[in-house]
There are 2 protein chains.
Amino acid sequence: MDSELRLTIARLARRMRQERAEADLGPSQLGVLIALAVRGPQTLGELSTHERVTAPSMNRTVNLLEASGLLARAASPFDGRKVIIDLTDAGHALVDETKRRRDAWFAERLSSLSDHERAVLDAALPVLRKLAEE
Amino acid sequence: MDSELRLTIARLARRMRQERAEADLGPSQLGVLIALAVRGPQTLGELSTHERVTAPSMNRTVNLLEASGLLARAASPFDGRKVIIDLTDAGHALVDETKRRRDAWFAERLSSLSDHERAVLDAALPVLRKLAEE
DNA sequence: GCTAACGAATTAGCTTGGCTAAAGACTGGG
DNA sequence: CCCAGTCTTTAGCCAAGCTAATTCGTTAGC
């Protein structure tokens, strides 16, 4: 029963992840761009902590995105060791486009539900959010 | 709002996937083992279709798992081109342990919820299941 | 104010796991 | 028996994870 819920969530998320596509970015690169869009400019260390990845891994992903012109590095004015990373305009545009497409896909799935079913999901959202807390 | 739900589910599943058996398997390898546990012995083609990966990718993952003794290949008795892949005892044991850990993790998360919140999740389960349908 | 310790980012080298292209192995229809 | 189609495998590319070690800037102790 509990395990049934767990498996269902896993299956749903799996379907969702497979729905990727859009730009020719991998999920990691997209994840970084989205983190920057949601949380604003951050250091490499903050990014790697949030994405649960080591600093060297994050550094490489950031290199690729920088080479693609989707984000930019800037030295921190307070601490010369740190590097502040932020989206470029192109990066913002790509995140917006991706969000639009994924929302559309999800809305399409939701449209197969009844009003009552949607209300049930709406009620479950805060609980799911609580489960997902760090 | 819709996109909040989508993002929350993704985050929850992401957190869940981090719970796995001690063995140092990547998520893909674990995914293959779980698919075999749930759906039974399958050909390489069936596996790659189900995991939404190309046959060469699946072939390599299967090679690693075979080298670790977690699954075994056998020729199909009906069609010499096909290869039937199935879990070994060690593979079954590893899947069981992973399931045990994930269930325990999830139960732990659920225990922080009130009875009402659990009831809300219970009501949402069939709806989530519907969303997750293929 | 020097120096040693510490912290943040980076580089180097390894591994997994995607992909495409192409080759082998086998089947089945004509 | 051949030929076209199907399934698996090999080869080679690239993204993205890791650890270990390096570089460079900061901070603390003396």
Let me know the distance between [atom1] of [X] and [atom2] of [N], rounded to the nearest Å.
X      : N       : atom1 : atom2 : answer
F78(A) : dT26(D) : CZ    : P     : 13 Å
M58(A) : dT19(D) : CE    : P     : 14 Å
L44(B) : dA25(C) : CG    : C1'   : 14 Å
K82(A) : dT27(D) : NZ    : P     : 9 Å

Item to complete: Would you indicate, yes or no, if dA9(C) has its OP1 or OP2 atom less than 4.0 angstrom from a side-chain nitrogen or oxygen of R73(A)?
Response: no

Discussion item. I want to confirm an ordering. Mapping P56(B) and G45(A) to their closest nucleotides on DNA chain C, which one lands closer to the 5' end?
Written reply: G45(A)

Practice prompt. Would you mind telling me which residue lines up with the more 5' stretch of DNA chain C, D79(A) or N63(A), judged by nearest nucleotide?
Written response: D79(A)

Discussion item. So I85(B) and T43(B), do their side chains get closer than 4.5 Å, heavy atoms only?
Written reply: no

Item to complete: Please answer: with hydrophobic residues joined when any side-chain heavy atoms are less than 4.5 Å apart, are L7(A) and I34(B) in the same cluster?
Response: no

Worksheet item: Looking at L47(B) and M58(B), what are the two nearest heavy atoms and their distance?
Response: O-CE, 3.8 Å

Worksheet item: Checking all strands, does T61(A) fall into the base, sugar-phosphate, or nothing category for heavy-atom contacts under 4.0 angstrom?
Response: sugar-phosphate

Practice prompt. For S57(A), answer base if it contacts any base atom (sugar-phosphate contacts may also be present), sugar-phosphate if it contacts only those atoms, and nothing otherwise; contact means non-hydrogen atoms under 4.0 Å.
Written response: base

Worksheet item: Is any side-chain N of the basic residue among R129(A) and E4(B) closer than 4.0 Å to the acidic one's carboxylate O?
Response: yes

Practice prompt. Assess whether one donor atom and one acceptor atom, taken from the side chain of R81(B) and the base of dT27(C), lie less than 3.5 Å apart.
Written response: no

